Amino acid sequence: MNPLAAIMFLTSLAAGTAVTMSSYHWLLAWIGLEINTLALLPLMTKTPHPRAIEAATKYFLTQAAASALMLFSCLINALQTGEWNINTPSSLMTNLLSIALMMKLGLAPLHFWLPEVLQGISLSTGLILSTWQKIPPMILLFQISCSINLDLVVLLSLASILIGGWGGIGQTQLRKIMAFSSIGHLGWIILILKFNPQLSLFSFTLYIIMTTAMFISLIMLSSTKMSQVSTSWAKNPALTTTTMLTLLSLAGLPPLTGFLPKLLISLELVKQNMIILTTLAMLASLLALFFYLRLTYIIALTLAPNTHNSLTTWRTFTKPYLASSIINIMALILLPMTPTINFM
């Protein structure tokens, strides 16, 4: 892709997110989401492959349907309240808008587009789709969190945690695994949205850090399948080790960063006397733990046969990766921040 065109599209992504985050008017928020969607489509199709075209088409149709539902809910709100202000949502508008935003995020049962779209695009574009594109819908959900329907949120979050683990078990493509990982993590984030929006925002920030670290590791390893990542140890043991630890962090195992949001969300739910809900969410997340551990086993504890010494290029691996090192460290050792965080 032409560098000038790439800069223009990335600037449009940033502008669309900024418009949505700073808007006080529902129409401005909708325009920001549309700018984001249209700016990502050319990045998806930068490699003219049928899978990429198919992924871009599915993404466009899904986002267009969600945007139409969002605009419809905003019109209903304007008819009922006489205002376009974001801070005055009606109950009917909140339900419709929540469904539209959750469709944009890819939460279950509105998730079917996400694994297929992520599988058809490159890892770098998948990184943008899994992190940056989640920010504007989440910001709008945070702004209406006080009036959101609790039953709807609990139902969709539990479905997302369950399907995020169930769908990833049978996958061998790493991009689809990351898609189901995203669905599961967003389920945890949405689960606590009504009770504690600050904790939800904190968990979302950690999700972005961990997902970015994982995608950067896969880009540096040039791996899109399990069979490719299983031979990465001979090429670069240091990067493979951090990839393995990042997977364990995504799984939510202590003492890594990913354990922090699950711990704080579980404590908050127990404090709200929702012990059964906490138990169901933790049991459903065990499904995701299985495929994270399976992938970790494939990376760290298996070695492809006939691995020749010529493949061990890590001995002369001197190219600096400062940005990836920083993001990997953040994805692994942020748990000591726990005493300084006051969400309770």
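Residue numbers count from 1 along this sequence. Only heavy atoms go into these numbers, but all of them, side chains included; no hydrogens, no water, no symmetry mates. Everything numeric in this text was worked out from a predicted model, so none of it was measured.
Only one option out of Ser160, Pro261, Ser285, Ser203 pairs with Trp188 in a side-chain contact (heavy atoms from CB on, under 4.5 Å); it is Ser285.
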Exercise for review: Mind running side chain to side chain contact (heavy atoms under 4.5 Å, CB included) on Ile128 and Leu43 for me, showing each step along the way?
Suggested key: CA-CA 10 Å; Ile128 297 173; Leu43 296 175; 4.2 Å; yes
Point to revise | Intermediate values then yes/no, side chain to side chain contact (heavy atoms under 4.5 Å, CB included), Asn77 and Leu97 | key: CA-CA 10 Å; Asn77 184 62; Leu97 182 63; over 6 Å; no
Review point. Step by step, would you call Lys46 with Ser122 a side chain to side chain contact (heavy atoms under 4.5 Å, CB included)?
Key: CA-CA 9 Å; Lys46 63 183 178 182; Ser122 64; 3.6 Å; yes
**Study point:** side chain to side chain contact (heavy atoms under 4.5 Å, CB included) assessment of Leu264 paired with Glu268
**Key:** CA-CA 6 Å; Leu264 294 177; Glu268 177 66 24; over 6 Å; no
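Heavy-atom minimum distance, Pro115 versus Lys176: O-CG, 3.8 Å. Nearest heavy-atom pair across Thr47 and Ala52 is O-CB, 3.5 Å. Of all non-hydrogen atoms in Trp84 and Cys74, the two that sit nearest each other are CZ3-CB, 3.9 Å. Nearest heavy atoms, Ala108 versus Ile163: CB-CD1, 3.6 Å. Of all the heavy atoms in Leu33 and Thr20, the pair that sits closest is N-OG1, 3.3 Å. When all heavy atoms of Leu156 and Pro109 are compared, the pair lying nearest together is CG-CD, 4.1 Å.
At a threshold of 4.5 Å between non-hydrogen side-chain atoms, the residues Met93 and Thr81 do not count as touching. Side-chain contact between Gln133 and Tyr59 is present, with at least one heavy-atom pair separated by less than 4.5 Å. For the pair Leu71/Leu27, a side-chain contact is recorded, criterion being any heavy-atom separation below 4.5 Å from C-beta on. At a threshold of 4.5 Å between non-hydrogen side-chain atoms, the residues Leu248 and Phe259 do not count as touching. In this structure, Leu295 and Leu174 have side chains that are in contact, with non-hydrogen atoms separated by less than 4.5 Å. Annotation: side chain of Met44 is in contact with side chain of Val117 (closest heavy-atom distance under 4.5 Å). Residues Ile177 and Met226 are in side-chain contact: their nearest non-hydrogen atoms beyond the backbone lie under 4.5 Å apart. Here the side chains of Leu158 and Leu280 are in contact, with some heavy-atom distance below 4.5 Å.
Within the 3.5 Å criterion, the main-chain N or O of Met103 finds a donor-acceptor partner in the side chain of Trp113. Side chain of Ser200 to backbone of Ile189: a donor-acceptor contact under 3.5 angstrom is found. Side-chain atoms of Ser249 do not come within 3.5 Å of backbone N or O of Leu245 as any donor-acceptor pair. The backbone N or O of Met8 lies less than 3.5 Å from a partner atom in the side chain of Ser12, making a donor-acceptor pair. Without hydrogens or angle criteria, His111 side chain to Gly164 main chain gives no donor-acceptor distance under 3.5 Å. Between the side chain of Ser182 and the backbone N or O of Met178 there is no donor-acceptor pair closer than 3.5 Å.
No more than 12 heavy atoms of other residues, nucleotides or ligands sit less than 6.0 Å from atom CH2 of Trp166. For CE of Met282, the number of neighbouring non-hydrogen atoms (other residues, nucleotides, ligands) closer than 6.0 Å is 12 at most. Within a 6.0 Å radius of CZ in Phe195, more than 12 heavy atoms belonging to other residues, nucleotides or ligands are found. No more than 12 heavy atoms of other residues, nucleotides or ligands shown are found within 6.0 angstrom of CD1 on Ile276.
Cluster membership check: Leu141 does not share its hydrophobic cluster with Val19, using side-chain heavy-atom separations under 4.5 Å among Ile, Leu, Val, Met, Phe, Trp and Tyr. No chain of hydrophobic side-chain contacts below 4.5 Å, direct or via other Ile, Leu, Val, Met, Phe, Trp or Tyr residues, connects Leu79 to Leu92.
From Arg175, atom CZ reaches atom CD of Glu116 across 11.5 Å, with rounding to the nearest 0.5 Å. With rounding to the nearest 0.5 Å, the separation of OG1 in Thr131 from CZ in Phe215 is 8.0 Å. Residue Leu105 holds its CG atom at 8.0 Å from CE of Met102, rounded to the nearest 0.5 Å. Between the CD atom in Gln173 and the OG atom in Ser223 there is a gap of 11.5 Å [rounded to 0.5 Å]. Note that CG of Asn149 and CG of Asn95 are 4.5 Å apart. Values are rounded to the nearest 0.5 Å. For the atom pair OG1 (Thr278) and CE (Met274), the distance works out to 7.5 Å, reported to the nearest 0.5 Å.
At a cut-off of 3.5 Å, with distance as the only test, no side-chain donor of Lys194 or Ser157 sits close to an acceptor on the other residue. The closest side-chain donor-acceptor pair between Thr224 and Gln228 falls under 3.5 angstrom.
Under the 30°/60° scheme for interplanar angles, the aromatic rings of Phe142 and Phe204 are found to stand perpendicular.
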